[in-house]
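Note that ligands are numbered from 1 as they come in the structure, with each ligand's atoms numbered from 1 the same way. What's counted below: heavy atoms across the whole structure, side chains too, no hydrogens, waters or symmetry copies.
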Amino acid sequence: MDTALLESRRRFLAGLGKAGAALAGASWLDAIGYAQGARGAARALIQQPRVRMDFERTVLGSFLEHLGRAVYTGVYQPGSPLADAKGFRSDVVREIKEMGVPIVRYPGGNFVSGYNWLDGVGPKAQRPTVLERAWNSMETNQFGTNDFVDWCRLVGAEPLLGMNFGTGSAEMAVAYTEYCNLERGTKWSDLRRAHGYEKPHNVRYWCLGNEMDGPWQIGVMQSREYGRKARDAAQQMRVVDRGLQLIACGSSGTGMPQYLIWDREVLEECFDQVDGISLHAYYGNTTALTGNSTERFLAMNLDMDRQIREVAAVCDYVQGLRRSSKRLWLSFDEWNVWYRARSGDATNGRRQFAPKLLEEVYNLEDALLVGGFVNTLLRNADRVRVACLAQLVNVIAPLVTNDTGVLRQSTYYPYAWALRYARGRVLDLRVDSETYPIRAAGLQADFARNDQVPFVDVVATFDAQNGQACVLMLNRDLQGEREIALDWRDLTPTRVLACETLTGTDLKAFNTFEQPKRVAPQRLDAPAAGARMTFKLPPRSYTVAQLAAT
Ligand code: AHR
């Protein structure tokens, strides 16, 4: 670290109250740049990061599973007046293009563990209808891999393909990569050409199965058994294409009994053959997880921070064991709020085609927490290379369709802001914020912590290409406005280009087709641009500021 940076850090820390400094040393929050501050305005010291590299946009990806109405009537609805010649919903394409979703994971999720990719390619009239067993639904296979890749090209997203490690063999997984990525002259590449796709799809990212530790998963496995299968498949896949980025299945949540042990044992088997490991997490404002406390709920992105640190530690541990120079990256390829439409009829398709499953209705407090997750992912973007908001359309999604259009749920806004404004490098922040306590008593073990939570959660990015900075700020204070003073060190904002906030008096308010703007951004008065800018964040709010800076 250069001496100017060290000196400015020293001055900043010296400025903190004594109690704050002591706590800063003790709390794990210090590792993500937070110190407990005195009452009053929060303060963020913003500096250029040490690593002068732009973050990968793939950390802001999403997910589309053959589940409920995600694919059928979500993105694909031939015969609808809203569909194009290929059957893709044009209104949904427009939304996703405008959002700029960089990568989309497909086709599952639990679905993938019983999926035969061959059923979904070739002439549509010859594709079989099958009983899909993860969600007990009818699958017509009218939308498959080539259709998905076409759709990705249309919306401007990169495909991230999942492989069937449940009922599927390593051989068919390897055949899938050959079908997608090999130019010509082999059985599977020539089959793709016969299906009308002369050029290979060149899919870069691949998930080696899905949640293979979950008892609910078709073909659930033991860690070492899975790790050896992943190693074997990966080794063969690299013969097909040396450039693949392969993601091993990590634990499917912090609540799994084998959480971290699974990750370690899997990596002990396949560390050398893979590039990343997956993390999944769903959160909810429930009796078990939060004691139905919104204060606790809005702190849950800090649980995501902790999960990232814990899984990264396991990766580094196995790296050490193997005396390897390879540092694995993390793929947080399923994350969201999901707790209402999570059992019973909401998860059982009852052998229907495109049944209404997992159609979670998102309210204001969910959107605020999604903002928190975006902050967490961005500040960990040096380690998390891929992340997917699960999911994109209709199923636990920011976008919902009906026969006449598409609705933006509350959670659309924080995600869309990050996609639109957060670019370039993630800046280095030291945040000094007053905190509030959360208590462990009575909560599910993986979320039970006695801790101090900063009222203000903030991240910032700077894009050297266009000279624009973005600041994303969560105010967890349910009662009061909070001020945050931004102290810019190596950059100086010269103009405020945009400043919007998502807030409201009713944390349970949500959007409907009849009332689509109940939870929607409002313009917020921003301070004058300059080296010190004090924002006044409304209570219960998530705010974005886009700034020109030099
Ligand atoms: O995203 C919904 C489901 O949640 C996925 O199919 C599965 O991977 C996870 O358990």
Ranked by distance from atom 7 (C) of ligand 1, the top protein heavy atom is N110 OD1, 3.2 Å
Out of all atoms in ligand 1, which are within 4.0 Å of some heavy atom of E65? Include the element for each. 5 (C), 6 (O)
When only distance counts, is W135 in polar contact with ligand 1, meaning an N/O pair under 3.5 Å? no
Can you name the atoms of ligand 1, numbered from 1 with element, that are less than 4.0 Å from a heavy atom of Q391? 1 (O), 2 (C)
Are F111 and ligand 1 in contact, using a heavy-atom cut-off of under 4.0 Å? no
Salt bridge (Lys or Arg N to Asp or Glu O under 4.0 Å) against R351, all qualifying residues, sequence neighbours excluded: none
From atom 3 (C) of ligand 1, work out which of E334, R105, H280 has a heavy atom at the shortest distance. E334
What atoms of ligand 1 come closer than 4.0 angstrom to any heavy atom of F63? 1 (O)
So CD of E95 and CG of L392: to nearest 0.5 Å the spacing works out to 10.0 Å
Relative to F510, does R518 satisfy both conditions: NZ or CZ under 6.0 angstrom from the six-membered ring centre, and within 45 degrees of the ring's axis? yes
Strictly by modelled atom types, are T411 and D366 linked by a side-chain donor-acceptor pair under 3.5 Å? no
Residues passing the salt bridge (Lys or Arg N to Asp or Glu O under 4.0 Å) test with K508, sequence neighbours excluded, are E365
So, Y176 versus T145: side-chain donor-acceptor pair below 3.5 Å or not? yes
Closest protein heavy atom (residue, atom, distance) for atom 10 (O) of ligand 1: E211 OE1, 2.7 Å
Assess, by modelled atom type and distance only, whether the side chains of D84 and S90 contain a donor and an acceptor separated by less than 3.5 Å. no
Flag for N110-N210: side-chain donor and acceptor within less than 3.5 Å: yes
Location of contacts on W338 toward ligand 1, heavy atoms closer than 4.0 Å: side chain
Mark up the atoms of ligand 1 that fall under 4.0 Å of a heavy atom belonging to Y282, in ascending order. 1 (O), 2 (C), 4 (O)
Can I396 be said to touch ligand 1, with heavy atoms closer than 4.0 Å? yes
